[in-house]
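The structure appears below as structure tokens.
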Amino acid sequence: MRIFVHNTPSERRGSALALSLTVVTVVALLSAMMLQLSSAHWKREAAAVDQKRAFYIAEAGLAESIWGLVRGQSGIVGTQELPVRFGDGVYWTNALGDDAGVVHVSSTAMCGQARAKLDIAIELYYQNALNLGAFSAGNMTVGAGAYVDAYNSKNGPYIAPLLGLLTTPVKIGSNGDVSVAGIRGLVPTQILGSVIPGPNKSVSAGLGTLILGDTTPREEAVELPAILIPDVPLFGPMTVGHGATGTLPSGEYAGPNLSVASGGTGLIVGPAIVVVDTLSLAAGAKLRIDNSAGPVEIYVRQSMTTAAGSQIQNLNQNPRGLMFWLDMHPRTGGVLSLAHGGPFHGSMYAPKAPIAIPATSEYFGSVVSSALTIPANGRLHVDLSAGQIGTTDVSASVLHWRPAAVPAELTRDLRYEPLADFAERGIDLPAPSSAHTPIEKAVEYVDRDGETRVFRGTEAALDRSVIASLVEEVVQPVVRPITQVGRRRNWASIDDPVVAKLSPVSRRRGYAYGHDD
């Protein structure tokens with residue numbers, strides 16, 4: 001007997017459903033895995049993009065900090081509590097100077113869930129227009145019978161070169177035309193080197209002129225940087241009466257005028273910085289400079305006049321130790337009239353005023369002005385090392401750059417997005433340009449009532465009119481501002497390397513000026 005078993009339709013439907021569920025489950029799992037892989041890949045891509053953005057935002061922070069440093073700011077931009085907004089992220093920077101004059105800047109950035117921190121060490125140094133030697137922003141005139149050569153005062157005193165053994169050629173020039181007059185009597189006009197006129201300009205040389213170097217025009221005009229007047233505490237008038245003597249010891253002084261009357265003698269001992277509105281030397285007056293311990297820098301804002309018969313005597317005959325920064329402009333009533341006699345060892349920089357070298361003075365050093373005249377029979381010996389000290393501009397030299405470890409408190413919660421958080425709290429983040437931390441000062445002074453007081457804050461909040469005398473002034477943080485260039489230096493700190501380095505500001509001020517009647 002045969003027994004036949006038939007599957008019912010419901011049983012067949014049940015097995016098909018199980019198979020279908022298995023297939024759907026497998027497909028769903030595969031889809032979930034693919035979705036998870038795709039999501040992870042997208043998150044990695046987004047994280048990589050955010051990390052790059054955070055890196056570049058941190059670099060932008062370094063650039064903003066350095067921009068502030070070379071313009072007299074502290075280099076601190078924003079804070080961790082209130083950073084600045086930049087693109088899709090935020091950053092804040094810190095800056096601190098060490099005893100070697102190196103400024104260490106750190107920039108921390110956050111973008112989305114990415115974090116980045118960069119460190120950089122820089123040196124701030126002075127660019128100097130005095131290394132142009134003899135230069136005119138406009139036209140230059142060389143009188144008949146004039147003599148122009150060059151030497152390097154770091155190699156010793158000036159020694160007149162022999163034409164057959166010329167080892168230090170001079171290089172003078174302008175942004176305009178250069179006119180060189182010819183022979184004067186039996187004396188030819190001699191320029192032992194090159195004369196470089198401005199772009200598309202020319203050198204016109206008279207009969208009997210000797211120019212040993214090139215006269216090809218320069219390709220681009222030279223821009224003379226503005227003078228940055230140091231922020232020096234007010235001292236008062238600095239005057240020497242008729243037949244009297246007066247001394248400014250080493251220090252920093254600011255006042256309305258520096259004047260020496262007829263027959264008087266004024267002495268400035270370096271290192272020193274003097275900032276005045278007017279400087280005047282009467283006939284027979286002498287201004288003596290002792291720069292054996294450090295350079296003397298004199299800043300004149302409005303007027304400088306030296307009468308015939310007066311003298312500016314550099315006792316050490318070191319041109320690198322005496323600099324005149326002349327900021328006057330004829331259009332605003334500025335006066336620059338020089339008639340002093342005798343040898344002058346130093347540099348003069350007047351980017352907005354013309355200089356006519358006195359016919360009675362032999363110049364050793366550097367002279368740069370808006371228009372320059374070398375007189376007939378004048379003698380100019382350009383010191384090639386004159387531009388190695390002093391300042392008219394500042395640049396930053398990078399010593400090292402590196403990524404740094406992000407602080408642990410910033411990496412604990414990577415879900416935190418700063419822009420969303422500040423927006424939710426209704427806080428508007430500042431722009432980088434408005435978030436620079438001003439330099440704060442601690443100033444101890446004696447007021448006009450004789451009371452000793454202490455001020456802490458920014459320069460803008462300090463009322464200097466109430467100060468009778470300064471006891472001490474300290475700048476914090478220890479990042480030297482550019483508005484205080486020309487602070488006291490000694491020769492060892494500026495001879496090597498070529499440029500003068502910045503150093504922290506923290507020292508006692510206040511000096512006496514005395515004279516004998």
Side-chain angles (χ1 to χ4, degrees), residues 229-230 232-319 321-328 334-350 353 355 357-358 360-365 467-470 486 488 509-517:
I229 304 294
V232 175
L234 179 64
F235 178 78
M238 292 159 272
T239 61
V240 179
H242 177 76
T245 59
T247 300
L248 279 176
S250 174
E252 300 169 354
Y253 307 87
N257 64 291
L258 170 62
S259 63
V260 182
S262 177
T265 300
L267 173 65
I268 301 177
V269 180
I273 294 175
V274 180
V275 179
V276 293
D277 293 324
T278 63
L279 188 154
S280 61
L281 301 180
K286 295 179 181 179
L287 179 62
R288 292 180 172 176
I289 307 298
D290 180 1
N291 55 43
S292 57
V296 173
E297 298 184 60
I298 300 176
Y299 294 79
V300 184
R301 293 190 180 97
Q302 187 62 24
S303 171
M304 177 175 175
T305 57
T306 60
S310 64
Q311 294 184 37
I312 301 176
Q313 299 176 342
N314 187 333
L315 301 182
N316 303 286
Q317 297 186 359
N318 183 352
L322 175 59
M323 289 149 286
F324 285 88
W325 305 101
L326 309 175
D327 201 33
M328 66 282 297
V335 176
L336 180 55
S337 176
L338 306 177
H340 55 273
F344 172 83
H345 297 81
S347 297
M348 288 191 175
Y349 181 73
I355 289 181
I357 295 177
T360 55
S361 180
E362 185 174 7
Y363 262 49
F364 301 80
I467 299 177
S469 62
L470 272 172
R488 194 186 314 175
R509 298 182 183 175
Y511 305 92
Y513 175 73
H515 63 269
D516 301 323
D517 293 322

Can you give me the closest heavy-atom contact between [X] and [Y], atom names plus distance?
| X | Y | answer |
| --- | --- | --- |
| L315 | L267 | CD1-CD1, 4.2 Å |
| M328 | G334 | CB-CA, 3.8 Å |
| T247 | P249 | O-CD, 3.5 Å |
| N316 | D290 | ND2-OD1, 3.4 Å |
| P358 | H340 | CB-O, 3.4 Å |
| V232 | A254 | O-CB, 3.6 Å |

Ignoring hydrogens and geometry, is there a side-chain-to-backbone donor-acceptor pair from T306 to A339 under 3.5 Å?
->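 Such a contact is found between T306 side chain and A339 backbone.
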Taking S361 for the side chain and G342 for the main chain, is one N or O donor matched with an acceptor at less than 3.5 Å?
->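 Yes; judged by distance alone, with no hydrogens or angles, the pair exists.
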What pairs of residues pass the salt bridge (Lys or Arg N to Asp or Glu O under 4.0 Å) test when at least one of them lies in residues 258-267, not counting sequence neighbours?
->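 Matches after skipping sequence neighbours: none remain.
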How long is the gap from CD1 on I289 to CE on M323, to the nearest 0.5 Å?
->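 That separation rounds to 10.5 Å.
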Could you give the distance from OH (Y349) to CG (L326), rounded to the nearest 0.5 Å?
->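 So the gap between those two atoms works out to 11.0 Å.
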Relative to the ring of F364, is the ring of H345 parallel (under 30°), tilted (30 to 60°) or perpendicular (over 60°)?
->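 H345 vs F364 ring planes: parallel.
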Which of parallel (below 30°), tilted (30 to 60°) and perpendicular (above 60°) describes Y253 and F235?
->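 Perpendicular: the ring planes of Y253 and F235 meet at over 60°.
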For a quick test of your reading: what N or O donor-acceptor pairs under 3.5 Å do the side chains of residues 270-288 make, sequence neighbours left out?
{"residue": "D277", "atom": "OD1", "partner": "R301", "partner atom": "NH1", "Å": "3.2"}
{"residue": "R288", "atom": "NE", "partner": "Q313", "partner atom": "OE1", "Å": "2.8"}

Do the non-hydrogen side-chain atoms of [X] and [Y] ever get within less than 4.5 Å of each other?
| X | Y | answer |
| --- | --- | --- |
| I312 | L322 | yes |
| L338 | M348 | yes |
| F344 | I357 | no |

I268 vs I298, side-chain contact (heavy atoms from CB on, under 4.5 Å): CA-CA, chis, key distance, verdict = CA-CA 10 Å; I268 301 177; I298 300 176; 4.0 Å; yes
Check salt bridge (Lys or Arg N to Asp or Glu O under 4.0 Å) between D327 and all other residues, then give those that pass, not counting sequence neighbours.
->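 Partners of D327 by the salt bridge (Lys or Arg N to Asp or Glu O under 4.0 Å) criterion, ordered by chain and then number, come out as K352.
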Can V240 and T265 be said to form a side-chain contact (heavy atoms from CB on, under 4.5 Å), step by step?
-> CA-CA 7 Å; V240 179; T265 300; 5.9 Å; no
